[in-house]
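Please read these numbers as outputs of a predicted model, since none were measured by experiment.
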Protein chains: 2
Amino acid sequence: MSDITTNFNDRTIEYEQLLNDFKVLLKKNALKFTIQREVILETLYDSDEHLTPESLHNLIQEKFPDLKIGIATVYRTLSLLEDSSMVTSLSFGAQGKKYELGAKDHHDHLICTECGSITEFVDEQIEHRQHKIADELGFFMKDHSMQIYGICKLCQQT
Amino acid sequence: MSDITTNFNDRTIEYEQLLNDFKVLLKKNALKFTIQREVILETLYDSDEHLTPESLHNLIQEKFPDLKIGIATVYRTLSLLEDSSMVTSLSFGAQGKKYELGAKDHHDHLICTECGSITEFVDEQIEHRQHKIADELGFFMKDHSMQIYGICKLCQQT
DNA sequence: GTCGCTGCAAAGTCTTTGCAGAGAG
DNA sequence: CTCTCTGCAAAGACTTTGCAGCGAC
């Protein structure tokens, strides 16, 4: 289960790399690098949660009270990031989509339908089969996501 | 890939079984069996597509022009069916949720991000690993879904 | 008969869009 | 300077809800 391959130094480097990718992406499309876009990327990176546009917006307002950022900008930036495959979105249950940074190690999700918590896991065998299946069907795989729904250990006790 | 374990006779029996499960479910919760609810279940069963509430509503109106059925009823019935795990929903991309009957054989999805088509597949190894992972983490698994995103064979040619 | 169900339309959510001023390149 | 971005508010898309009459049990 543990997939700890990064320490704090690596994380910083990892973020710099990510930020750089973002800048390259922007430049390539003649888009501008703005403080809002940076803050959104950074906040996504720092959070280990799966964030809704609204919760991301709230987080940013807490962390950067001086920066007025509109929810519309959050939506626009998330779309941009998703289109360029830098973030992936996940949606389940009644509510809207949750986003997470795609650059982190790939992983799948266990979602508790009682409390809504999300646990991540990685399984090499599954990853491998996915690639194989896509290949067999002549499908060019760009991304994948897997969710297991159920009741988490904690909720089972109550 | 082929997973043809049913023929037309079985399908009919399968549907009767499904309908019966639905009736039992309704009775258990002191809910009523109405023509609208039956038509929704039947249309879901007959369709091999993954339907949005709107497309399901359209389909029903085509198949049963005399029956006036409101979109609200479709939403209400889908929620009911989803809560009782008789249908599962899938959401991806920009648009809303798509529903499919959960009673059919379990399968996963290849989703083309170009044309939106959904191809289904079944893989025993993946199914098996999923159960194992849930067990290991003390998670009571109720359902799962897997999606592979990419570009389908057809769209790659153009 | 009772009480849940339905269609309708109105009310909510969540997201996107138009616009005029601000700011990156 | 030019042309994209941004925040705001208004518009849209998708869902849910209140209600009065209808229909299953």
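Between B/Tyr15 and B/Tyr45, the ring-plane angle classifies as tilted under the 30° and 60° cut-offs.
Close to C/dT16, at under 4.0 Å from its OP1 or OP2, lies no side-chain N or O of A/Tyr75. The phosphate of D/dG23 (OP1 or OP2) has no side-chain N or O of B/Gln36 nearer than 4.0 angstrom.
With sequence neighbours excluded, no residue forms a side chain to side chain contact (heavy atoms under 4.5 Å, CB included) with A/Lys68. Under the side-chain hydrogen bond (donor to acceptor under 3.5 Å, both in side chains) criterion, A/Ser55 pairs with A/Thr52, sequence neighbours left out. Every residue two or more places apart in sequence or in another chain that forms a salt bridge (Lys or Arg N to Asp or Glu O under 4.0 Å) with A/Arg129 is listed here: B/Asp123. Residues passing the salt bridge (Lys or Arg N to Asp or Glu O under 4.0 Å) test with B/Lys153: none are found, sequence neighbours excluded. Residues meeting the side-chain hydrogen bond (donor to acceptor under 3.5 Å, both in side chains) test with A/Gln17, sequence neighbours left out: A/Asp21.
Between B/Gln36 and B/Ile60 the shortest side-chain heavy-atom distance does not fall below 4.5 Å.
Whole-Å rounding puts the A/Leu67 CG to D/dG7 P distance at 7 Å. Regarding B/His57, its NE2 atom lies at a distance of 14 Å from the C1' atom of D/dT15, rounded to whole Å. D/dC5 atom C1' lies 12 Å from atom CZ of A/Phe22, rounded to whole Å. Rounded to an integer number of Å, the gap from CZ of B/Arg37 to P of D/dC22 is 19 Å. Taking atom CD1 of A/Ile69 as the reference point, atom P of D/dT6 lies 8 Å away to the nearest angstrom. Distance B/Lys68 NZ to C/dA9 P: 11 Å, rounded to the nearest Å. In this structure, B/Asp66 atom CG and C/dG7 atom P are separated by 14 Å, rounded to whole Å. The NZ atom of A/Lys97 sits 13 Å away from the P atom of D/dT15 (whole-angstrom rounding).
Taking the C1' atoms of five terminal pairs at each end of the helix from C/dG1-D/dC25 to C/dG25-D/dC1, the two resulting helix axes are inclined by 50°, rounded to 10°.
Under a 4.5 Å side-chain heavy-atom criterion applied to ILVMFWY residues, the cluster that includes B/Ile71 comprises B/Tyr75 as well.
Within 4.0 Å (heavy atoms only), B/Ile71 reaches no atom of the nucleic acid at all.
Sorted by first and then second residue, the ring pair (Phe, Tyr, Trp, His ring centres under 6.0 Å) pairs involving residues 47-74 of chain A (not counting sequence neighbours) are A/His50-A/His109.
Proximity note for B/Pro53 (side chain, C-beta onward) versus C/dT16, D/dT15, D/dC8: the nearest is D/dT15.
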Letter by letter from the 5' end, nucleotides 18-25 of chain C scores (B base, S sugar-phosphate only, - none; protein heavy atoms under 4.0 Å) B----BBS
